A.B. asks: 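I'd like to ask you about the structure that follows.
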2 protein chains.
Amino acid sequence: MARPSRPLLSRERIVAAALALVDAEGLDAVSTRRLAAELGVAGPSLYNHLATKDELLDAVVDAVLGEVDLSMFTGGPDWRGALESWARSYRAALAAHPRVVPALSQGMGRRPNALRLADAVFGGLVAAGWPRREATRVGALMRYFITGSSLGSFAGGFPDDAAVYQGDYPNLGEAHLLAARQREIDESAFEAGLTALLDGLELRLASLRIR
Amino acid sequence: MARPSRPLLSRERIVAAALALVDAEGLDAVSTRRLAAELGVAGPSLYNHLATKDELLDAVVDAVLGEVDLSMFTGGPDWRGALESWARSYRAALAAHPRVVPALSQGMGRRPNALRLADAVFGGLVAAGWPRREATRVGALMRYFITGSSLGSFAGGFPDDAAVYQGDYPNLGEAHLLAARQREIDESAFEAGLTALLDGLELRLASLRIR
DNA sequence: ACCTGAACACCGTTCAAGT
DNA sequence: ACCTGAACACCGTTCAAGT
């Protein structure tokens, strides 16, 4: 075929197809040949638009981060409310693409949406009265909690089979029931943690102000 | 060579070599051929001891979890102190093997050390007076925070290059300085989050008791 | 500029053959 | 039981050749 008059591919189309493939079949299913086939093209064609597979996965992660709502950080004084709804939006974006989460470990690099996110959170906290150093910490620790809550299900991790727990694990006698209530447990654990974290941060800000 | 009189390999030796290889060069460096070479053996030999590469990575993760101290959950009433030192030990184990963390996403499966960990935390919380349902949530949310704080550095994720932030990110004017203070920032964010979480959980337990 | 087939140096895994 | 070489169906990436 050689060069077509109108390009068959674009970076965006490749990234969108890759995200769909990760969602459907997981990170391991994304090979350059497989992805190219999905796009109706030969394997090496992708290299006209992306330098490496790593760059592709980076772009996929960034696309997911682009779904996070940041509009709540517009300088109001209610940092708690902003952090809370941001955390839910962030988690929802990751929960919509759970198989992408392990790829988050690469750090934010130069991904524009990752940086936009960090910028908004930091700016919002500082505008609401948090000292800059502390705002950095709060941004980090919120990210820890949110990404951790998306890195694989807690409840879903327990095998469904009562025999696994016999004998060795005295406190896990009912653990085989967890998988069935997976969504409810993960959700309520996230909400409980979010509330605890925000309550704790209110105490922290108050004690910073006294000193 | 065929079968040697004394086995050359054992599951443990393979897992230990794999962990060392992940630590040194990352998850991607672990191929069956490469790992076998490291062990002085041909590639397919590994399959006499492990069914698949996935099973190998599972065992590597479990070996790391085996380094987490659980001795603090021995039934005392000080759940806060126990949770705090457990969280530090857990984080230290993951921080010692940061490149293993993305593999944690597979859930706990049948990994004995993962189950032992869940068992100890849940048992300790129940013994200290937490209702069983709540203890499940607390175990989950603590895991979220700890694994999230180990899934890649926050501070280290920011490029070292001031030019990256020019213009687009009004609040990240000093973000290029973060990488240099990476360890300090990640550490203090973890400690700040841990304190906030535990403060928040104290409030939560108190409010459960009132109702 | 953008797509292609061929090629290189790899993968995970299976299996018959050896002791 | 445990190790081997050969083989299968894959990988990511490069590159010269085509338009």
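These numbers come from the heavy atoms of this one structure, side chains and all, not from hydrogens, waters or symmetry mates. Protein chains get the first letters and strands the later ones, always in sequence-line order, with residue 1 at the start of each. All values derive from a computational prediction rather than experimental measurement.
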A.B. asks: Whole-Å distance between dC3(C) P and Ile14(A) CD1?
C.D. replies: 8 Å
A.B. asks: Using only side-chain N and O atoms of Ser45(A), determine if any of them is under 4.0 Å from OP1 or OP2 of dC2(C).
C.D. replies: no
A.B. asks: Distance check needed: dG12(D) P versus Leu27(A) CG, whole Å only.
C.D. replies: 12 Å
A.B. asks: Who does dT19(D) pair with, Watson-Crick or G-U, both distances under 3.5 Å?
C.D. replies: dA1(C)
A.B. asks: What is the separation between atom CZ on Arg3(A) and atom P on dC15(D), rounded to the nearest whole Å?
C.D. replies: 22 Å
A.B. asks: What pair of heavy atoms forms the shortest contact from Ile146(B) to Arg91(B), and how long is it?
C.D. replies: CG2-N, 3.9 Å
A.B. asks: Measuring to OP1 and OP2 of dA1(C), would you say a side-chain N or O of His49(A) lies under 4.0 angstrom away?
C.D. replies: no
A.B. asks: Whole angstrom is fine here: how far is it from CZ in Arg6(B) over to P in dC3(D)?
C.D. replies: 11 Å
A.B. asks: Over how many whole Å does the gap from Arg33(B) atom CZ to dC11(D) atom C1' extend?
C.D. replies: 11 Å
A.B. asks: Could you tell me whether Pro7(B) contacts a base, only the sugar-phosphate backbone, or nothing, with contacts defined as non-hydrogen atoms closer than 4.0 Å?
C.D. replies: sugar-phosphate
A.B. asks: Tell me which nucleotide among dC3(C), dT13(C), dC11(D) gets nearest to the side chain of Val41(A).
C.D. replies: dC3(C)
A.B. asks: If you compare all heavy atoms of Pro102(A) against all heavy atoms of Leu27(A), which two are closest, and at what distance to 0.1 Å?
C.D. replies: CB-CD2, 4.2 Å
A.B. asks: Which atom names give the shortest non-hydrogen contact between Asp62(A) and Pro112(A), and what distance separates them?
C.D. replies: OD2-CD, 3.2 Å
A.B. asks: Heavy atoms only, 4.0 Å cut-off, all strands: where does Ser5(B) land among base, sugar-phosphate and nothing?
C.D. replies: nothing
A.B. asks: Tell me the interatomic distance from Asp28(A), atom CG, to dC11(D), atom P, rounded to whole angstroms.
C.D. replies: 11 Å
A.B. asks: If dA7(C) has a Watson-Crick or G-U wobble mate with both distances under 3.5 Å, name it; if not, just say none.
C.D. replies: dT13(D)
A.B. asks: Where the side chain of Ser31(B) is concerned, which of dT4(C), dC2(C), dC11(C) is the nearest nucleotide?
C.D. replies: dC11(C)
A.B. asks: Parallel, tilted or perpendicular, judged at 30° and 60°: which one describes the rings of Phe158(A) and Phe154(A)?
C.D. replies: perpendicular
A.B. asks: Rounded to whole angstrom units, what separation is found between the CG atom of Leu46(B) and the P atom of dC2(D)?
C.D. replies: 14 Å
A.B. asks: Might you point out which heavy atoms bring Ala59(B) and Arg11(B) nearest each other, and give the distance in Å?
C.D. replies: CB-NH2, 3.7 Å
A.B. asks: May I have the distance from Tyr47(B) (atom OH) to dG5(D) (atom C1'), rounded to whole angstrom?
C.D. replies: 16 Å
